[in-house]
Amino acid sequence: MKKNNSRKENEKGALALAFESIGSYVKAKYQFLLLMLAGVLIVSALCFIKVSTAQSIASFSISDFEIGQIADRTIVADRTLSPDDFDPVSIQKGEKIIKKGFAITEDAYAKLKKMATSPVYIDYRAFANNELFILLIALMWYLLYTFVPVKRNTLFREHLLNVIFFVLVYAMTAFLGKFSIFSSPYSVCIVIPSALVIMLVTILYGNFSAELFSFILSFGVLNASGWQIPTFIFTLAICLFSSVLVRKIERRLDLVFASLILALLEIVLLMLIMVIFNETFTDLPKLLIGIAINGFLSGILTLGFLTPLEIILNTASVFRLMDLSDLNTPLMRKMLVSAGGTYNHSMMVAQLAENACRSIGANALIARVGAYYHDIGKIEQPEYFVENQKGQNKHDAISPTLSASVIKSHVRKGVEKAHQMHLPQVIIDIIAEHHGNSVIAYFYNEAKEKDPSLSPEDFSYPGPAPTSRESAVVMLADTVEAACHTLESPSVPRLEKFITQLVSGKVEHNQLDNCGLTFRDVSKIKEAFVQVLAGYYHTRIEYPDQKDPSEIKGPESKNSEQKNSETEKKDGK
């Protein structure tokens with residue numbers, strides 16, 4: 001009995017733990033789960049409309065049947081259809097319309113056509129097949145975006161944009177494909193805006209996200225087009241081509257050239273698919289003109305939609321980052337004037353971070369812009385930070401506790417200012433995380449000498465620790481740049497040793513636990529830092545006539561010395 005009771009208790013405990021894990025997971029992912037559910041419901045509604053307006057019986061199109069054909073299946077009417085003014089044919093529920101192995105008569109074909117065109121007859125079997133495939137796409141979508149590492153934080157609005165794009169492409173494929181002009185699996189490609197949405201996703205959220213979405217979108221087109229394999233292959237291929245085509249562009253004008261290249265690619269791709277599937281080329285000129293217009297307009301419309309989407313979604317697209325990297329903005333000019341030391345420090349950190357990110361394959365542009373703005377919270381009180389001080393130290397007149405409070409407040413002020421400027425979230429994250437939750441050691445040690453009971457948390461930055469590779473690199477660059485100014489005779493071996501010590505300190509204090517950096521990445525980052533700093537701190541030869549400024553005696557110094565000697569004589573010195 002005791003064993004049974006203990007077993008039941010263990011089972012209850014395991015069940016409670018399982019429910020608790022599921023509950024916490026749903027709580028953390030509820031927005032994404034609700035969005036997926038809403039997307040499935042919307043696409044299901046579109047699918048129902050498509051099936052209910054399609055001319056099909058038992059999942060087969062009316063075009064699959066003809067008079068005199070030997071039926072390969074038996075079709076039984078599931079409802080009664082009365083004759084009307086437009087169609088005098090009548091059908092009784094349970095009536096066998098056609099029978100497997102027998103020829104289709106004129107009367108049977110008329111009944112099949114009435115069933116296919118009747119608005120009250122809905123092919124639920126076809127709807128169920130489509131619905132199962134939609135659920136399969138949703139499951140695949142969820143698994144891809146949940147378990148495939150994207151190496152960055154994905155926001156809710158990114159998933160929302162993808163769902164909107166998916167619904168748009170699905171609807172246009174399903175309903176425009178009903179027009180006779182777009183009824184073939186090749187002509188329907190003219191009206192599918194797959195290249196447009198993939199180019200937008202690539203520029204706004206990166207090439208990897210666009211590639212994942214390309215597969216999801218292509219399977220959606222496969223279902224919406226009535227299982228047309230040529231349409232599926234064309235959509236998948238052109239999506240992948242589009243993402244590769246715009247992944248490294250840096251100017252908006254480049255989109256015009258990309259649209260021309262895309263038009264040419266679509267023409268070549270369509271011809272190849274038609275050759276593979278042994279299609280005739282009777283309508284080839286019209287198809288090629290239409291598909292070229294699709295490719296060209298995709299690039300032009302991307303250029304038009306990009307700016308509004310950048311503003312609405314507040315994304316860190318390459319064009320937005322290039323705009324933010326302009327050092328002539330009012331904020332950067334204000335930093336240069338009121339906090340010159342911080343400005344120069346930020347420029348050096350940007351150079352270090354950009355070079356390090358290039359070496360590990362991270363986004364160098366995000367790191368550079370994040371480094372430019374990481375210390376914008378110092379602009380309001382620049383005199384409290386050592387790089388801006390000119391002789392007098394403000395901290396000599398206040399307590400270490402207040403000094404620490406002032407120092408760590410620059411992170412909060414920087415985040416507030418970044419929100420006011422509507423900076424992209426990835427840049428705001430770098431501002432918030434560039435010190436992590438590390439301790440302000442100098443003032444903590446000074447305060448602890450007076451009060452040993454003080455807690456390190458009171459002297460710690462608010463954090464959190466870096467959550468992306470770019471944010472971690474900016475943190476390390478910030479630490480290294482500030483600390484290397486204290487290094488005497490900064491030769492390459494001394495720089496290597498000192499940088500290794502600084503980086504190891506961040507690792508020991510768990511500041512790099514959540515950023516995704518590997519040991520190999522850290523090694524490359526240190527090498528990149530040494531390379532940049534060795535060039536910055538290089539020594540120059542001393543020229544023969546070069547003298548120390550304090551030893552130079554110009555005319556002014558000679559006159560002042562003469563005046564001083566005369567004054568001393570008059571004073572009797």
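Values reported hereafter were calculated over all heavy atoms of this structure, with side chains retained and with hydrogens, waters and symmetry mates removed. Just so it is clear, the model here is predicted, and its values are computed rather than measured.
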Indicate yes or no: at least one non-hydrogen side-chain atom of [X] is less than 4.5 angstrom from one of [Y].
X: I238; Y: I198; result: no
X: H435; Y: D478; result: yes
X: M348; Y: H485; result: no
X: K417; Y: L331; result: yes
X: I203; Y: I249; result: yes
X: L533; Y: I499; result: yes
X: E383; Y: N388; result: no

What are the two closest non-hydrogen atoms of [X] and [Y], and how far apart are they?
X: F296; Y: A263; value: N-CB, 3.9 Å
X: V411; Y: I431; value: CG1-O, 3.7 Å
X: L321; Y: V369; value: O-CG2, 3.5 Å

What verdict does the side chain to side chain donor-acceptor pair (under 3.5 Å) test give for N314 and R320, after you've listed the backbone C-alpha separation in whole Å, the side-chain angles of each residue and the deciding distance to 0.1 Å? CA-CA 9 Å; N314 196 23; R320 182 90 186 282; 3.0 Å; yes

Aromatic ring proximity, centroids under 6.0 angstrom, F385 and H345: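 That pair fails the under 6.0 Å test.
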
Would you compute the distance between atom OG of S218 and atom CZ of F213 and round it to the nearest 0.5 angstrom?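 S218 OG to F213 CZ: 9.5 Å, rounded to 0.5 Å.
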
Only one of Y444, Y442, F443 passes ring pair (Phe, Tyr, Trp, His ring centres under 6.0 Å) with F459; say which it is.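 Passing option: Y444.
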
For the residue pair H434 and H374, does the interplanar ring angle fall in the parallel (under 30°), tilted (30 to 60°) or perpendicular (over 60°) class?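 Taking H374 first and then H434, their aromatic rings stand perpendicular (interplane angle over 60°).
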
May I ask you to decide if the ring planes of Y145 and H159 are parallel, tilted or perpendicular, using 30° and 60° as cut-offs?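 Ring orientation, 0 to 90° scale: perpendicular.
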
Would you call D323-R252 a salt bridge at under 4.0 Å N-O?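 Salt bridge: yes.
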
Any chance CZ of F208 has more than 12 other-residue heavy atoms, nucleotides or ligands included, within less than 6.0 Å?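 Counting neighbours around CZ of F208, more than 12 heavy atoms of other residues, nucleotides or ligands fall under 6.0 Å, so yes.
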
